[in-house]
Amino acid sequence: MYSLDRLLHHFHIFRPRRKPTGFEALVVNYTISQVATGMLGIFGVLFIYELGHDLMSGLILVLGFFGLQRLAVGLMIPLAAKGITKIGYRWMMLVGLVSLAIKAFLLMQVTVNNLWLLMVILILGAMAIAGYYLGYHGIFLDDNDDDKIGEQMGLITMAGRMALIISPILAGWLIDNYGFSIMFGVAMSLLIVSLGPLFLMPHHKHNDQEFDFKKAIKLTKRSRFSKSVFWWHFENAIQAFYWPIFLFLILGSHIKFGIIASLVMIINSVAVYSSGKIYDKRPLKRGYLMATGLVSISYVLRFLSLNLACVVGADSLNRLVSPFWWMKIRRKALIAGEKVGAMVFAAAWEWLVTAGYLGGLLIGFVILKLSDGQWLWLAVPAIVGVVMGAKHVEN
């Protein structure tokens, strides 16, 4: 009679012959965690917004919560970078994901009567961003194939987008049937599961990185790199914080919101991977100008939408063409990161992302406040971000 080991010996598929590389483990971890962060991201924005009693009070809460969270991220970046030099990438990512899981748990407790909890939650959110994404960039830059950096960034981003196909419809269904608390609980469980792949990869000496604060600051002042990344995330602030609210106001239902978000992510995930492969081979100068123009047009169409058909069409156009605009910025930034070191790059990147988000959040709120909630005016800062990002990206 065969023992179990001898039986499995004949079926190699059940017996992994090697540990996954850092990149492979990162793809699996990122995919699982993105299902959770997809719930906590767009539906987290809606949750904070819905704590307000009207449009402007909800927008004030969104501005205050996410603005302060991003300021805290900026302050925590040096601490997270120093932490990586002591405990390594995977352990700092664990700190980030556990912080995010605790954040999800505390969000389950929030009501209009204990809004003070949001201050604790935003600190945990900042720890999650600083810890996870510094480790994420570090592992990616150390373990990627330099000749396929665009393709591999496209692959891991596509994997994340594929996860985001699941999370909006799942979150919308959970919220409409069971409430926000159950959705936060499911997200918390997924975050804990996502930790596993990080400890299956070989134990690289990822903690031998040195963090040079002055070099990181200097990189943020590098003209084309810093300006293109800043303006991309200035635009992305409109996408991440204001577009979900507008879309929800049009649809009036969490499950409808989730279905639309899931459908457009199918388009977006394929476009992300395709754009990464293309930019590895050629710069697409004319094609890049075309993509920039189409993304700008899509923002006008988005905020002109008044019904389901218009929303789906405009959002689909944006999700299809936007990766062909921002992937060039992303790829050029990663190439710059390989020259200066993972920790220096990751810190500079997150500082620039923080600056862009803060700028977009503030300008978006001021525009809605002064225009008395005329959403079409939000197309202006979005288009400015798109055009300026394209202007400063290196060819």
> Of the non-hydrogen atoms in L294 and L317, which two are nearest, and what is the gap between them?
Replying inline: O-CD2, 4.4 Å
>> Please confirm whether the ring centroid of W377 lies under 6.0 Å from the ring centroid of F303.
In response: no
>> Please check: side-chain N/O of Q109 versus main-chain N/O of F105, any donor-acceptor pairing under 3.5 Å?
In response: yes
> If every non-hydrogen atom of V28 is compared with every non-hydrogen atom of P197, which pair is closest and at what distance?
Replying inline: CG1-CG, 3.5 Å
> What closest approach, in Å, do A171 and M39 show between heavy atoms, and which atom pair accounts for it?
Replying inline: CB-CG, 3.8 Å
>> Aromatic contact between F248 and H254, with the criterion being ring centroids under 6.0 Å apart: yes or no?
In response: yes
> Of the non-hydrogen atoms in H233 and V229, which two are nearest, and what is the gap between them?
Replying inline: ND1-O, 3.0 Å
>> Tell me if a side-chain donor or acceptor on S57 pairs with a main-chain N or O of D54 at a distance below 3.5 Å.
In response: yes
> Under the 3.5 angstrom rule, does the side chain of S262 hit a backbone N or O of I259 as a donor-acceptor pair?
Replying inline: no
> Should we count CG of N307 as having more than 12 external heavy atoms under 6.0 Å?
Replying inline: yes
> Which atoms form the tightest heavy-atom contact between K221 and S226, and what is the distance?
Replying inline: C-OG, 4.0 Å
> Would you say L97 and L79 are hydrophobically clustered, going by side-chain heavy atoms of ILVMFWY under 4.5 Å?
Replying inline: no
> Given the rule in the ring-ring contact (aromatic ring centres under 6.0 Å, His included) test, do F184 and F47 qualify, once you have shown the distances and angles that lead to the verdict?
Replying inline: CA-CA 11 Å; F184 289 136; F47 176 75; 5.1 Å; yes
> Is the NZ or CZ atom of R330 both under 6.0 Å from the centre of the six-membered ring of W232 and within 45° of that ring's axis?
Replying inline: no
> More than 12 non-hydrogen atoms from neighbouring residues, nucleotides or ligands closer than 6.0 Å to CZ on F246, yes or no?
Replying inline: yes
>> Is there a continuous path of hydrophobic side-chain contacts, each under 4.5 Å between heavy atoms, that joins V270 to M327?
In response: no
>> Closer than 3.5 angstrom, by distance alone: can the side chain of W173 be matched with the main-chain N or O of I255 as a donor-acceptor pair?
In response: no
> Under 3.5 Å, is there a donor-acceptor pair linking the side chains of T37 and Q34?
Replying inline: yes
>> Applying ring-ring contact (aromatic ring centres under 6.0 Å, His included) to Y136 and Y30, what does each step give before you reach the verdict?
In response: CA-CA 9 Å; Y136 167 94; Y30 188 68; 5.2 Å; yes
> Are L75 and L68 connected, step by step, through hydrophobic side chains (Ile, Leu, Val, Met, Phe, Trp, Tyr) whose heavy atoms are closer than 4.5 Å?
Replying inline: no
> Atom CG in L352, atom CG in L219: separation rounded to 0.5 Å?
Replying inline: 7.5 Å
> If only atom types and distance count, is the side chain of S194 paired as donor or acceptor with the main-chain N or O of I32 below 3.5 Å?
Replying inline: no
>> Between F257 and F43 (judged by ring centroids, cut-off 6.0 Å), do the two rings come close enough to count as a pair?
In response: yes
> Can you list the residues that meet the salt bridge (charged side-chain N to carboxylate O under 4.0 Å, His left out) rule with E350, with sequence neighbours excluded?
Replying inline: R70
> Is Y288 reaching over with its side chain to a backbone N or O of W325, donor-acceptor style, under 3.5 angstrom?
Replying inline: yes
>> Donor-acceptor pair, distance only, cut-off 3.5 Å: does the side chain of Y89 make one with the backbone of Y132?
In response: no
> Quick one: are the ring centres of F66 and F241 less than 6.0 Å apart?
Replying inline: yes
> Would you find a donor on one side and an acceptor on the other, under 3.5 Å apart, between the side chain of N318 and the backbone of S298?
Replying inline: no
> How many angstroms lie between CD1 in I383 and CE in M388, if you round to the nearest 0.5 Å?
Replying inline: 14.0 Å
>> Does atom CE (M290) have a neighbourhood of more than 12 heavy atoms from anything else shown, all under 6.0 Å?
In response: no
> Got a donor-acceptor contact below 3.5 angstrom from the W231 side chain to the V384 backbone?
Replying inline: no
>> Nearest 0.5 angstrom please: I175 CD1 to E50 CD, how far?
In response: 7.5 Å
>> I need the minimum non-hydrogen distance between T292 and A390, along with the two atoms involved.
In response: OG1-CB, 3.5 Å
